[in-house]
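All remarks here apply to the structure that follows.
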Amino acid sequence: MESGDSLRAFTGKWHAAWPEQDVLAVFVPAGQRELVSAWGALLSELHESLFCLENDAVRQAKSAWWIQELQAMSGQSARQPLARFLQVRDAPFSAMAAAMAEVAALVPVKTARTDELFRILTPFAEAVAACEAELLGTRSGAADAQSIIGQWLSMRMPHGLAAFDRATVPMHLLARHPVLADSETAKAMRRDWLRELQGVLELQQPENWYRRAQLRFTLRRIAVFAHRDTPKIGPGHAWDAWRSVRSGLRA
């Protein structure tokens with residue numbers, strides 16, 4: 001099993017990007033904290049390689065490498081520290097690899113509407129949710145997958161609007177706000193996109209406690225990004241984390 005500085009480098013990167021995870025860790029049972037942090041960090045690394053790299057060749061190569069690592073995890077032969085730590089647990093990593101490959105072939109993902117974007121990303125999110133449920137000993141459902149997609153999309157905000165794929169914003173919003181360089185137009189685009197994400201996510205009730213926590217954190221981020229670039233941690237995050245973990249322990 002992977003441990004030590006190599007693992008903490010990646011989990012620390014994830015917690016630095018989403019400091020809400022530090023709050024969550026306070027309430028997670030000690031025996032699961034490293035697992036939870038490693039899983040979140042792995043998903044963050046996959047998200048970065050799949051959606052965030054501007055150069056097509058680099059993005060395709062890194063995504064292909066991660067797909068190979070996910071496949072190798074099923075045979076416990078992966079090399080990356082997060083993958084090595086997680087692969088000793090029984091989960092359908094190979095299905096996750098196959099689903100990621102389908103999305104990688106489409107990036108940058110361009111869709112006409114928000115529902116179409118969620119539909120395209122759903123098979124990968126469902127594979128992620130299935131692995132997550134196995135790792136945490138919980139269940140997964142449609143709401144878990146939808147919540148995962150919402151978190152992925154929110155992770156591109158706010159700076160992704162100026163990136164190569166315009167943060168994957170659907171075309172109906174790009175057509176409504178065509179001049180992203182204009183600050184007022186960019187703010188309007190941000191508000192409209194976040195409103196659509198919020199509308200989808202507020203309807204979700206994930207099966208597992210970890211995903212419930214991430215959904216609540218994501219909704220708080222969406223609310224903040226409508227007004228400013230940087231989220232701040234407050235008492236509400238502790239309430240979200242406590243409620244989520246407590247519901248899992250009682251289940």
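The residues of the chain are indexed from 1 along the displayed sequence.
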(message) Does Glu202 have more than 12 heavy atoms from other residues, nucleotides or ligands lying within 6.0 Å of its CD?
(response) yes
(request) Apply salt bridge (charged side-chain N to carboxylate O under 4.0 Å, His left out) to the pair Lys13 and Glu45, showing each step before the final yes or no. (result) CA-CA 10 Å; Lys13 176 184 173 182; Glu45 293 296 321; 3.0 Å; yes
(message) Hydrophobic clusters here meaning ILVMFWY residues chained together by side-chain heavy-atom distances under 4.5 Å, can you tell me if Trp239 and Val28 are in one?
(response) yes
(request) State the CG-CG distance between Leu219 and Asp240, to the nearest 0.5 angstrom. (result) 9.0 Å
(message) Quick check against the 3.5 Å criterion: does Thr138 have a side-chain atom that pairs as donor or acceptor with the backbone of Asn208?
(response) no
(request) May I have the step-by-step check of side-chain contact (heavy atoms from CB on, under 4.5 Å) for Phe124 and Leu50, ending in yes or no? (result) CA-CA 12 Å; Phe124 182 33; Leu50 190 57; 3.7 Å; yes
(message) Would a single hydrophobic cluster contain both Leu174 and Leu106, if residues Ile, Leu, Val, Met, Phe, Trp and Tyr are joined by side-chain heavy-atom contacts under 4.5 Å?
(response) yes
(request) Applying side-chain contact (heavy atoms from CB on, under 4.5 Å), run through Leu35 and Leu136 and close with a yes or a no. (result) CA-CA 9 Å; Leu35 168 64; Leu136 300 177; 4.3 Å; yes
(request) Compare every heavy atom of Pro231 with every heavy atom of Val224, then report the nearest pair and how far apart it is. (result) CG1-CA, 3.7 Å
(message) Return the NZ to OG1 distance between Lys187 and Thr185, rounded to the nearest 0.5 Å.
(response) 11.0 Å
(message) Would you compute the distance between atom CD1 of Ile148 and atom CG of Leu43 and round it to the nearest 0.5 angstrom?
(response) 7.0 Å
(message) Are Val245 and Pro29 packed together at the side-chain level, in the sense that at least one heavy-atom pair is separated by less than 4.5 angstrom?
(response) yes
(request) Only pairs at least two apart or in different chains count here, so list each salt bridge (charged side-chain N to carboxylate O under 4.0 Å, His left out) that has a residue in residues 141-168. (result) Arg156-Asp165
(request) For residues Phe85 and Trp39, establish whether the separation of their ring centroids is below 6.0 Å. (result) no
(message) Applying ring pair (Phe, Tyr, Trp, His ring centres under 6.0 Å), can you list everything that pairs with His237, at least two apart in sequence or on another chain?
(response) Phe217
(request) Taking all heavy atoms of Leu24 and all of Val36, pick out the closest pair and write down the distance. (result) CD2-CG1, 4.4 Å
(message) Minimum heavy-atom separation for Gly141 and Glu207, please, with both atom names.
(response) N-CG, 3.6 Å
(request) Might you confirm whether atom CG of Asn55 has over 12 heavy atoms from other residues, nucleotides or ligands at distances under 6.0 Å? (result) yes
(request) Report yes or no: do Thr122 and Gln146 form a side-chain donor-acceptor pair below 3.5 Å? (result) yes
(request) Could you tell me the separation between the CD atom of Gln214 and the OG atom of Ser147, rounded to the nearest 0.5 Å? (result) 10.0 Å
(request) Assess whether side-chain contact (heavy atoms from CB on, under 4.5 Å) is satisfied between Leu153 and Trp193, documenting all intermediate values. (result) CA-CA 10 Å; Leu153 296 174; Trp193 178 225; 4.0 Å; yes
(request) Scan side-chain atoms only and decide if Gln151 and Arg211 contain a donor-acceptor pair under the 3.5 Å cut-off. (result) yes
(message) If we ignore hydrogens and angles and just use 3.5 Å, is the side chain of Ser44 paired with the main-chain N or O of Gly40 as donor and acceptor?
(response) no
(request) Work out which heavy atom in Ala78 is nearest to a heavy atom in Ala83; give both atom names and the distance. (result) CB-CB, 3.6 Å
(message) Is there a path of hydrophobic side-chain contacts, each under 4.5 Å between heavy atoms of I/L/V/M/F/W/Y residues, joining Leu46 to Val103?
(response) yes
(message) Ignoring hydrogens, what is the shortest heavy-atom contact between Leu203 and Gly199? Give both atom names and the distance.
(response) CG-O, 3.5 Å
(message) Hydrogens and angles aside, do Gln87 and Gln80 bring a side-chain donor and acceptor to less than 3.5 Å of each other?
(response) no
(message) Are the side chains of Gln21 and Ser37 in contact, using a 4.5 Å heavy-atom criterion?
(response) no
(request) Drop me the distance from Glu126's CD to Glu132's CD, to the nearest 0.5 angstrom. (result) 13.5 Å
(message) Quick check: is Met171 connected to Leu161 through a chain of hydrophobic side chains (ILVMFWY, heavy atoms under 4.5 Å apart)?
(response) yes
(request) Take Leu7 and Arg84, measure what side-chain contact (heavy atoms from CB on, under 4.5 Å) needs, and give me the verdict at the end. (result) CA-CA 9 Å; Leu7 184 65; Arg84 284 175 57 85; over 6 Å; no
(request) Look at the side chain of Ser247 and the backbone N and O of Ser244, then say whether any donor-acceptor pair between them is shorter than 3.5 Å. (result) yes
(request) Measure the acute angle between the ring planes of Trp14 and Trp18, then classify it against the limits of 30° and 60° as parallel, tilted or perpendicular. (result) parallel
(message) Just by distance, no angles: are the side chains of Gln71 and Ser94 close enough, under 3.5 Å, to form a donor-acceptor pair?
(response) no
(message) If I take atom CG from residue Leu173 and atom CE from residue Met189, how far apart are they, to the nearest 0.5 angstrom?
(response) 6.0 Å
(request) Would you mind reporting whether Thr11 and Leu82 have side-chain heavy atoms less than 4.5 Å apart? (result) yes
(message) For Val200, is there any backbone N or O sitting under 3.5 Å from a side-chain donor or acceptor partner on Gln204?
(response) yes
(request) Measure across Phe225 and Leu194 and return the closest heavy-atom pair with its distance rounded to 0.1 Å. (result) C-CD1, 3.4 Å
(request) Please check if Leu53 and Met100 belong to a single hydrophobic cluster, counting links between Ile, Leu, Val, Met, Phe, Trp and Tyr side chain heavy atoms closer than 4.5 Å. (result) no
(message) Looking only at side-chain N and O atoms, does Ser49 offer a donor or acceptor that is under 3.5 Å from a partner on Arg59?
(response) no
(request) Output every pair passing salt bridge (charged side-chain N to carboxylate O under 4.0 Å, His left out) with a member in residues 105-123, not counting sequence neighbours, ordered by first then second residue. (result) Arg113-Asp115
(message) Assess whether a salt bridge exists between Glu20 and Arg220, defined as any Lys/Arg side-chain N lying under 4.0 Å from an Asp/Glu carboxylate O.
(response) no
(message) Between the side chains of Glu69 and Arg79, is the shortest nitrogen-to-carboxylate-oxygen separation below 4.0 Å, so that they form an ion pair?
(response) yes
(request) Please report the C-alpha distance between Thr114 and Glu196 in whole Å, then the side-chain angles of each, then the deciding distance to 0.1 Å, and finally whether the side-chain hydrogen bond (donor to acceptor under 3.5 Å, both in side chains) criterion is met. (result) CA-CA 8 Å; Thr114 301; Glu196 294 210 6; 2.3 Å; yes
(request) Could you tell me whether the side chain of Arg33 and the main chain of Ala25 form a donor-acceptor pair under 3.5 Å? (result) yes
(request) Taking the side chain as every heavy atom from C-beta outward, state whether Lys62 and Glu48 have any pair of such atoms under 4.5 Å apart. (result) yes
